[in-house]
There are 2 protein chains.
Amino acid sequence: MVTIRDVAKDSGFSSTTVSIVLNNAPLARYIPAVTKKRIEKSAKKLGYRPNLFARSLRSKRTHTVGAMVFDLTDPYCIPIFRGIESALYQASYLPILTDVHNDRARFERYLEMLLDRRVEALIVLANWLFVNIDVLGDLEKSSIPTVMIGQELENDSISSVTVDNELGGRLAIEHLHLLGHRKIAFIRGPKTLGDSAPRWKGIRSFAKANNLELDPHLIMDLPESRDPASSFESGFKLTDELVGRKHSFTALVAFDDMTAFGAIRALSQAGLRVPEDCSVIGFDDIAASALYTPALTTVSQPLEEMGKLAVGIVADGINCVLEKKTVPALHRKLAPELVVRSSTIKLR
Amino acid sequence: MVTIRDVAKDSGFSSTTVSIVLNNAPLARYIPAVTKKRIEKSAKKLGYRPNLFARSLRSKRTHTVGAMVFDLTDPYCIPIFRGIESALYQASYLPILTDVHNDRARFERYLEMLLDRRVEALIVLANWLFVNIDVLGDLEKSSIPTVMIGQELENDSISSVTVDNELGGRLAIEHLHLLGHRKIAFIRGPKTLGDSAPRWKGIRSFAKANNLELDPHLIMDLPESRDPASSFESGFKLTDELVGRKHSFTALVAFDDMTAFGAIRALSQAGLRVPEDCSVIGFDDIAASALYTPALTTVSQPLEEMGKLAVGIVADGINCVLEKKTVPALHRKLAPELVVRSSTIKLR
DNA sequence: CCCGCTTACAAAATCGTTTTTGTAGCCGCA
DNA sequence: TGCGGCTACAAAAACGATTTTGTAAGCGGG
């Protein structure tokens, strides 16, 4: 390995000067162009790459940020991470992605690892359950800029990027209502999940405003679970149950796309065709939704955008830390968008 | 931050002794238990965490391995990465995952970043095109244990983990043949993709052995592309074209699951039902395949297993490096498995 | 009694940077 | 002539560990 001293020797200057020149430090102002050229040429010739450990040891900077995902098998995560990664790449930061597997011990272990590696910021993608105050405590202690995606903690000392679930709920029901559907079934999210209540609120308030009656026999709740794939299973079972009841419906609002897939499977097995016999709408707009047959109508979250936004927030946070200012906690709520595809259709 | 010197001061020993004890270095043999206890207690009391940069600077170890994925949006990657991550986690290594976006510049940049961070090994998930000798050159230069998943380089100096594509091809066609299908359409992989030829070879050799005639009018090729989602599009278009031709078929072998999804969409739009009017079989067994309606029959790759195997190989490689032995290049080829679901059915 | 071995620890060197402090020449100005 | 302020660089001090080398006490054996 070629060190800064090798470059110093080769160029005929001291390692101090080499460091100053190559980092374009403030003192580089006083160094004549010809010296700089010489040093840069030596460095390039020798293929000098500074040792990041030595550098970080001294300078306290790592150009690294940690990204903790609660469950990477959840397709919802991928576009978000893409957004994070793209934004960080442009800013010359390296993300370290950890997959927590929805497991507290793993979360703590990975947090430790990231902190040990002195990540300059933390982005937590809390796409599934179990987030609570404990975690918050650990994070606050760490005192590095942190943003949560997908959940807002009650204590608002940590930044967050979320989607406007209430608006999303409204978009879904409004769409079906406009298509003429009146007998609509619902599979709501698990009660413990933060997204569930506001989505339902959006639905209910639209219903109230439009004199749409919500039949309690057509309302189901996903059970709690720590496995994103389980919402497919549950969507299937609950829809199966709905079909068995005597209360008919012409459309179904699923809590998310996975649930919608389960619902479609159940409807299909019951001999009902989607969308001809029953319209189905999802929520999230994961990649698979566009590829499904029928292509899924859904409320689309700006996932990649959310990732980028999160990076913006922590980047500002890092700057605050560098300037020894206190980092403010920001809370951004993005608007979802209705994406109409083939799983919903006008009521005949 | 509490340093080793703080622990030394608190425990009343020198930092040397503290280091020796906490790392359980060879010299720790000579240190009496009572001293060890005292030091460990101090360390715990103060919450001492060694500075990894200082440590790595001196000891040359990082307990980090790089994982380079060519396109993270490809659902095929996720289970593999899960396998990698799980295995590394158990071995107390931290993976650094980079998403190359199928872009050469990005690949090189990320490789640089990983090498700068002194990853102790490299796992390259070459799930899509463009891998060629250039890359190989860069990797060899780096002289750290490396394994490629999903591709085997001609030059066999780099380890690889692949699936037995030929066997997979055979499994697919055999399944359809057993179900009684004789008029079978094929959508083959892009010519430049390493997986394409062996899969086709498996199919052809089975056909030959069983007197099954392969109608050239029913054979299509996916175009080259660097976007995994594109195989859905292409699968759709090519199937649409197949349906338009006058040569009928009762089953279709898709190059991969994405292609199969596209095919199903096309068949469905043409008024053909899957599997009643046409059976469809895929390849890969990505997560979505089980959730599709109809659930996709497919040739399943042991993705998670492949990730774990790759970790095993590089772990051995790391040990070789530590013991200054030369690292051998291993080539493991795993058997895929037929997973029968609902998209294929016995010919009436 | 002395040598050499084991035990128990400490001092000092080292890893490769960055940053602070030092210094020496030169220029302009009072 | 002397002094402050640039300019251009170097020496040296961190950063926080690990590793090598050193040392001193105790003890058994020739």
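Every chain is numbered from 1 and lettered A, B, ... according to where its sequence line falls, protein lines coming before strand lines.
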So, does [X] get its side chain near the phosphate of [N], meaning an N or O under 4.0 Å from OP1 or OP2?
| X | N | value |
| --- | --- | --- |
| B:Tyr48 | D:dG16 | no |
| A:Thr17 | D:dC9 | no |
| B:Asn51 | D:dC15 | no |
| A:Arg58 | C:dT19 | no |
| B:Lys36 | C:dC9 | no |
| B:Ser19 | D:dA17 | no |
| A:Ser14 | D:dA10 | yes |

Fill in: Pair A:Lys36 + A:Glu40, salt bridge at N-O below 4.0 Å
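Salt bridge absent between A:Lys36 and A:Glu40.
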Worksheet item: Taking 4.0 angstrom as the limit, do B:Asp71 and A:Arg82 come out as a salt bridge?
Response: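 Answer for the salt bridge query: yes.
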Practice prompt. Could you check if a side-chain atom of B:Val314 sits within less than 4.5 angstrom of a side-chain atom of B:Leu122, using non-hydrogen atoms only?
Written response: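 No; the side chains remain at least 4.5 Å from each other.
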Discussion item. When you measure from the side chain of B:Thr64 to the backbone of B:Thr62, do you find a donor-acceptor pair of N or O atoms at a distance under 3.5 Å?
Written reply: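 Side chain of B:Thr64 to backbone of B:Thr62: a pair is present.
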Send over the distance from [X] [atom1] to [N] [atom2], rounded to a whole Å.
| X | N | atom1 | atom2 | result |
| --- | --- | --- | --- | --- |
| A:Arg55 | C:dT19 | CZ | C1' | 13 Å |
| A:Asn23 | C:dT19 | CG | C1' | 11 Å |
| B:Leu46 | D:dG16 | CG | C1' | 15 Å |
| B:Arg61 | D:dT18 | CZ | P | 13 Å |
| B:Phe53 | D:dT18 | CZ | P | 15 Å |
| A:Asn24 | C:dT18 | CG | C1' | 15 Å |
| A:Lys60 | D:dA14 | NZ | P | 13 Å |
| B:Met1 | D:dG16 | CE | P | 10 Å |

Examine the side chains of [X] and [Y] and answer whether a donor and an acceptor come within less than 3.5 Å of each other.
| X | Y | result |
| --- | --- | --- |
| A:Ser14 | A:Thr17 | yes |
| A:Arg109 | A:Thr98 | no |
| B:Asn24 | B:Arg29 | no |

Item to complete: List in numerical order all residues of residues 25-35 of chain B for which some heavy atom is under 4.0 Å away from an atom belonging to DNA chain C.
Response: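 By residue number: B:Tyr30, B:Ile31, B:Pro32, B:Thr35.
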Item to complete: Report the nucleotide, chosen from D:dA17, D:dA10, C:dT17, that has the shortest atom-to-atom distance to any side-chain atom of A:Thr16.
Response: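 Selected nucleotide (nearest to the side chain): D:dA10.
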